[in-house]
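Encoded as structure tokens, the structure appears first; notes follow it.
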Amino acid sequence: MNYLKSSPLKHLKFLKYVSLRKSSSFLINDSKYSFLKELGLNEENVGVYDGQWDANGNITTSFCPANGLPIASVRNGNDEDYDRCVSNALEAWKIWSDIPAPKRGEVVRQIGSAFRQKLEPLGKLVSLEMGKILGEGIGEVQEYIDICDYAVGLSRMFNGSIFPSERPNHIMLEQWNPLGLVGIISAFNFPVAVYGWNSAISMVCGNVVIWKGAPTTSLTSIATTKILASVLEKNNIPGAVLSLCTGDVDIGVSMVNDKRVNLVSFTGSSSVGQKVGVEVQKRFGRVLLELGGNNAIIVTPDANLEMVSQSVVFACCGTAGQRCTTTRRLILHKSIYNTVLVNLVKAYSNVLKRLGDPLDITTLYGPMHSSTAVENFEQTISEAIEAGGQIEFGGKVLDRSGYFVEPTIISGLKYDSPVVRRETFAPIVYVLKYDTLEEAIAWNNSVDQGLSSSIFTNDIGTVFKWTGHKGSDCGIVNVNIPTNGAEIGGAFGGEKHTGGGRESGSDSWKQYMRRSTITINHGSGLTLAQGIKFE
């Protein structure tokens, strides 16, 4: 799998790290960021946990995207650390899988309670290291808490089935058993929640976990794992049940190639996810892919335009356009196109006035995550203009510390323009004008990805057409709400180049278990199926 180390797997790196050894320069020593030490972080942090904190890889530094300053450093794992984590996790599985599911659920309940106690400081760390505003940072930790609550109930509800047998004195059953070891590779934009979705459900299913978070949010991974470790230790559960191994792309490659890892859950770009899926399939492992999204909102002539304006701003600008569910295409009926566009430009102007430090409670719009993200923003703006696009708002990189860009609205491009069809992980939305509903739905479905979609309408017939078999082809199909902000109770995921994986609620738990069909003969004679006689 050496070819995976070349582009596009470089996206897993996200940022070039610089070793900064002057401790006085770290934000962790600034009293403004005292919450970092409250989370158990230090100037230099160990990035590997398997019941003990021990790492032997390189040292990297985590930076704050709002000001470009170093927060603290991390000693990452190397190949030997990874192998030790996996070996210890497999040993821990022998103990964890024997614990009854409701008892495993009780441990997960305690994990949720532990995160409640650290809700604000961990939410602040997410904002500091990832760059999302404080409300979103705290909200992300709340997602982990919510999925813990969900998993606790699930631990008493795993439902098998009983089927009638065609043979006398026979019974057919269906039973679900844990897979074993689940590997989780998560992305920078949701450094807590995505891991929570996977780990909480995996735990009650009877699995153990090894986690590799994004290199640029390693402090969040470590702080999260410290909270988890405290609960495991309190319950005399082996720490390797929830192992952590921070590092660069090489750790991810090891996990993808490792036959001992029964399921790899990967969150990232479609280009990298495709390669991950192929490599895991080569060894007949399981893969759960949560990849890109080129999400659209359709606005019909009968829509509530005030609701549209409120929804679209969050859908396009939330997390500075760095959610996989961010709205990237706004498909407007020609009769209300100008009205919606004028309202949107006005709303964007107000958002820009509240740009700033994500930790400031008054901030509504934060930075991009890295310099690479800013470069991608600039390249996309140039490509859109060259293709005939008109900048209705924004389009510039802001001259200030940190990685700030203006939220951007672009009109004048065709629905099938290459730049429109390509997902750019930035606060850029393309405004398109349509004539008929059939045309709008076709445009929604015309891109490679199939994650999230929404329509704003007050017509019941339109609602059922949109949600039916000739409507949206996405995994998430909304009506009168944004494309982003999904709840944990439903299955989260998408179709086509989004990967087909499902996490969080509904029956997503089945992806973390193996199914056995069991036939029991409780009689004294042997009867073959289909009436076969073999005598």
Side-chain angles (χ1 to χ4, degrees), residues 132 136 139-140 143 146-147 186-187 189-190 193-194 197 265-270 273 288-300 303 307-308 310-332 407 415 420-432 434 437 440-457 462-463 465-506 508:
K132 61 179 62 176
E136 290 186 88
E140 181 173 344
E143 277 196 69
D146 292 344
I147 199 65
S186 58
N189 60 330
F190 278 87
V194 169
W197 294 348
S265 175
F266 174 82
T267 302
S269 69
S270 296
L288 194 166
L289 300 176
E290 292 288 356
L291 310 176
N294 195 344
N295 316 294
I297 288 178
I298 297 172
V299 183
T300 66
M307 186 187 297
V308 169
Q310 294 172 347
S311 298
V312 168
V313 173
F314 174 65
C316 299
C317 297
T319 325
Q322 297 168 109
R323 291 183 179 225
C324 53
T325 52
T326 294
T327 297
R328 312 205 181 277
R329 297 174 297 144
L330 188 57
I331 305 172
L332 307 175
Y415 80 95
V420 174
R421 288 179 51 82
R422 185 182 69 242
E423 178 195 27
T424 298
F425 223 58
I428 301 172
V429 64
Y430 303 101
V431 185
L432 310 172
Y434 77 90
L437 179 62
I441 293 175
W443 291 1
N444 174 79
N445 297 345
S446 66
V447 296
D448 291 333
Q449 303 87 351
L451 178 53
S452 187
S453 58
S454 184
I455 194 167
F456 281 79
T457 182
T462 299
V463 169
K465 185 168 187 176
W466 171 244
T467 58
H469 66 286
K470 291 185 177 179
S472 173
D473 64 359
C474 295
I476 299 172
V477 183
N478 293 334
V479 178
N480 294 332
I481 62 170
T483 54
N484 53 1
E487 298 180 35
I488 60 98
F492 181 92
E495 302 300 323
K496 301 187 296 188
H497 289 206
T498 302
R502 292 297 187 275
E503 295 170 335
S504 195
S506 186
S508 298

Is the shortest heavy-atom distance from the side chain of [X] to the side chain of [Y] under 4.5 Å?
| X | Y | answer |
| --- | --- | --- |
| I297 | I455 | no |
| P427 | C317 | no |
| T327 | F314 | no |
| L332 | V431 | yes |
| F425 | R323 | no |
| T326 | T483 | no |
| V312 | L330 | yes |

Nearest 0.5 Å, what's the [atom1]-[atom2] distance between [X] and [Y]?
| X | Y | atom1 | atom2 | answer |
| --- | --- | --- | --- | --- |
| L432 | Y415 | CG | OH | 10.5 Å |
| I441 | S446 | CD1 | OG | 12.5 Å |
| I476 | S454 | CD1 | OG | 10.5 Å |

With no hydrogens and no angle check, is any side-chain donor or acceptor of [X] less than 3.5 Å from a backbone partner on [Y]?
| X | Y | result |
| --- | --- | --- |
| N444 | I298 | no |
| R328 | R421 | no |
| S186 | V194 | no |
| N484 | G318 | no |
| N189 | Q322 | yes |
| K496 | N445 | yes |
| S270 | H497 | yes |
| S311 | V308 | no |
| T498 | G292 | yes |
| E423 | G293 | yes |

Taking all non-hydrogen atoms of both residues, which atom of [X] and which atom of [Y] are closest, and how far apart?
| X | Y | value |
| --- | --- | --- |
| P482 | N478 | O-ND2, 2.8 Å |
| S269 | L291 | O-CD2, 3.5 Å |
| S504 | I488 | OG-O, 2.7 Å |
| F492 | E290 | O-OE2, 2.7 Å |
| F190 | E140 | C-OE2, 2.9 Å |

Residues forming a side-chain contact (heavy atoms from CB on, under 4.5 Å) with T467, sequence neighbours excluded = F464, V477, V479
Could you verify whether a donor N or O on one side chain and an acceptor N or O on the other, from [X] and [Y], lie under 3.5 Å apart?
| X | Y | answer |
| --- | --- | --- |
| S453 | S472 | yes |
| S265 | E503 | yes |
| T319 | E136 | yes |

ask   = Which residues pass the salt bridge (charged side-chain N to carboxylate O under 4.0 Å, His left out) test with R329, sequence neighbours left out?
value = none
request  = Apply salt bridge (charged side-chain N to carboxylate O under 4.0 Å, His left out) to D146 and list each qualifying residue two or more places apart in sequence or on a separate chain.
outcome  = none
ask   = What is the ring orientation for Y434 with W443, classed by angle as parallel under 30°, tilted 30 to 60°, or perpendicular over 60°?
value = perpendicular
